[in-house]
Amino acid sequence: SVLTCLRDPPRKGERFALSPSGSLAAIADSLGRILLLDTQALVVVRQWKGYRDAHCLFMEMLVSGDASSSDLPHYLKSKSDYCLCLAIHAPRKGIVEVWKMRIGPRLLTVQCAKGSKILQPPLKLDSSVSDSSAYTPLEVFLLNGDSGQLSLLRPWVRE
């Protein structure tokens with residue numbers, strides 16, 4: 001295997017998230033930046049600044065061209081009905097933002113209490129659908145630091 005190193009002193013990568021396909025990585029660094037890395041080309045394709053202590057998770061959001069398609073149950077949707085996004089929790093700002101990948105817009109900003117966290121279960125939590133052929137999108141949840149309430153981040157992408 002080939003070992004590759006990104007050197008950029010004094011920057012130090014502190015947290016890392018890999019997209020489901022492995023083609024993108026989000027790296028939160030010691031300078032308060034988030035780098036979006038194309039893992040095949042080893043090129044930084046996007047950068048966000050001002051995100052000290054940030055945590056990132058990849059997720060998939062429903063692309064809804066019309067309102068009626070968003071009403072369909074998730075088990076009637078396919079992978080092509082979703083787009084890849086990056087959830088960024090900026091605890092110093094007290095927000096979670098969701099950005100469309102690779103260079104798309106910010107889709108959602110949610111205020112969150114101190115001590116909140118973004119979480120991603122390893123498996124789909126909804127057991128109501130037993131059809132193994134149904135597509136299960138990658139989801140991110142926000143755990144509220146004050147109330148302990150767990151809520152799904154769910155913006156709809158309009159094209």
Side-chain angles (χ1 to χ4, degrees), residues 1-65 70 74 77-125 135-146 148-159:
S1 77
V2 177
L3 181 64
T4 304
C5 179
L6 292 172
R7 289 190 180 242
D8 189 10
R11 182 186 317 268
K12 292 180 183 170
E14 295 180 338
R15 282 165 296 287
F16 177 86
L18 192 61
S19 69
S21 68
S23 63
L24 293 173
I27 304 165
D29 71 18
S30 58
L31 300 178
R33 296 187 178 130
I34 298 168
L35 306 175
L36 183 65
L37 179 72
D38 179 316
T39 60
Q40 269 80 45
L42 297 177
V43 174
V44 173
V45 293
R46 190 165 186 176
Q47 178 175 298
W48 293 266
K49 296 180 180 180
Y51 289 86
R52 290 214 183 270
D53 303 322
H55 293 265
C56 301
L57 290 171
F58 284 94
M59 60 190 298
E60 292 171 310
M61 293 287 101
L62 183 62
V63 176
S64 177
S70 65
H74 77 272
K77 296 180 178 89
S78 67
K79 182 166 178 55
S80 64
D81 293 320
Y82 294 88
C83 67
L84 185 64
C85 297
L86 182 67
I88 301 173
H89 176 219
R92 291 191 184 197
K93 293 180 179 184
I95 60 171
V96 174
E97 296 176 337
V98 177
W99 293 81
K100 187 175 179 185
M101 293 293 96
R102 289 184 168 211
I103 57 171
R106 180 176 49 213
L107 302 174
L108 179 71
T109 301
V110 176
Q111 297 292 322
C112 59
K114 185 176 181 177
S116 295
K117 300 206 178 296
I118 55 174
L119 305 170
Q120 193 163 61
L123 299 172
K124 177 75 175 159
L125 294 178
Y135 182 70
T136 304
L138 195 59
E139 297 175 325
V140 170
F141 293 83
L142 175 63
L143 177 63
N144 185 301
D146 285 340
Q149 179 182 356
L150 190 65
S151 57
L152 178 63
L153 293 179
R154 199 185 288 245
W156 303 108
V157 180
R158 297 265 179 218
E159 287 191 323

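For this chain, numbers begin at 1 and follow the sequence in order.
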NZ on Lys49 to CG on Asp29, rounded to 0.5 Å: 11.0 Å

- request: Provide the closest heavy-atom pair for Leu107 versus Cys85 in the form atom of the first, atom of the second, distance.
  value: CD1-SG, 3.6 Å

field: Considering all heavy atoms, the nearest Ala54-Pro91 contact
entry: CA-CD, 4.1 Å

task: Begin from the C-alpha positions of Leu18 and Phe16 and carry the test side-chain contact (heavy atoms from CB on, under 4.5 Å) through to its verdict.
output: CA-CA 7 Å; Leu18 192 61; Phe16 177 86; 4.0 Å; yes

- request: Check Glu97, Arg33, Arg92 against Tyr51 for a side-chain hydrogen bond (donor to acceptor under 3.5 Å, both in side chains) and give me the one that passes.
  value: Glu97

- prompt: Short question: side chain of Arg102, backbone of Arg46 - any donor-acceptor pair under 3.5 Å?
  reply: no

message: So which atom in Leu138 and which in Phe58 form the shortest heavy-atom distance, rounded to 0.1 Å?
response: CD2-O, 3.3 Å

task: Give, for atom CG of Leu153 and atom SG of Cys112, the distance between the pair rounded to the nearest 0.5 Å.
output: 9.5 Å

query: Closest heavy-atom contact between Gln120 and Val140?
result: NE2-CG2, 3.5 Å

- prompt: What's the shortest heavy-atom distance between Asp38 and Leu24, and which atoms?
  reply: CA-CD2, 4.1 Å

- request: Could you tell me the separation between the CD atom of Gln149 and the OG atom of Ser116, rounded to the nearest 0.5 Å?
  value: 10.5 Å

message: On a heavy-atom basis, which atom in Ala17 and which in Cys56 lie closest, and how many Å separate them?
response: CB-O, 3.4 Å

- prompt: Which value, rounded to the nearest 0.5 Å, describes the distance between Ile34 atom CD1 and His55 atom NE2?
  reply: 10.0 Å

query: Does NZ in Lys117 sit with more than 12 non-hydrogen atoms of other residues, nucleotides or ligands closer than 6.0 Å?
result: no

query: Between atom CE of Met101 and atom CG of Leu86, what is the distance when rounded to the nearest 0.5 Å?
result: 4.5 Å

- prompt: More than 12 non-hydrogen atoms from neighbouring residues, nucleotides or ligands closer than 6.0 Å to CD1 on Ile103, yes or no?
  reply: no

message: Using 0.5 Å steps for rounding, measure from the CG atom of Asp53 to the OG atom of Ser30.
response: 10.5 Å

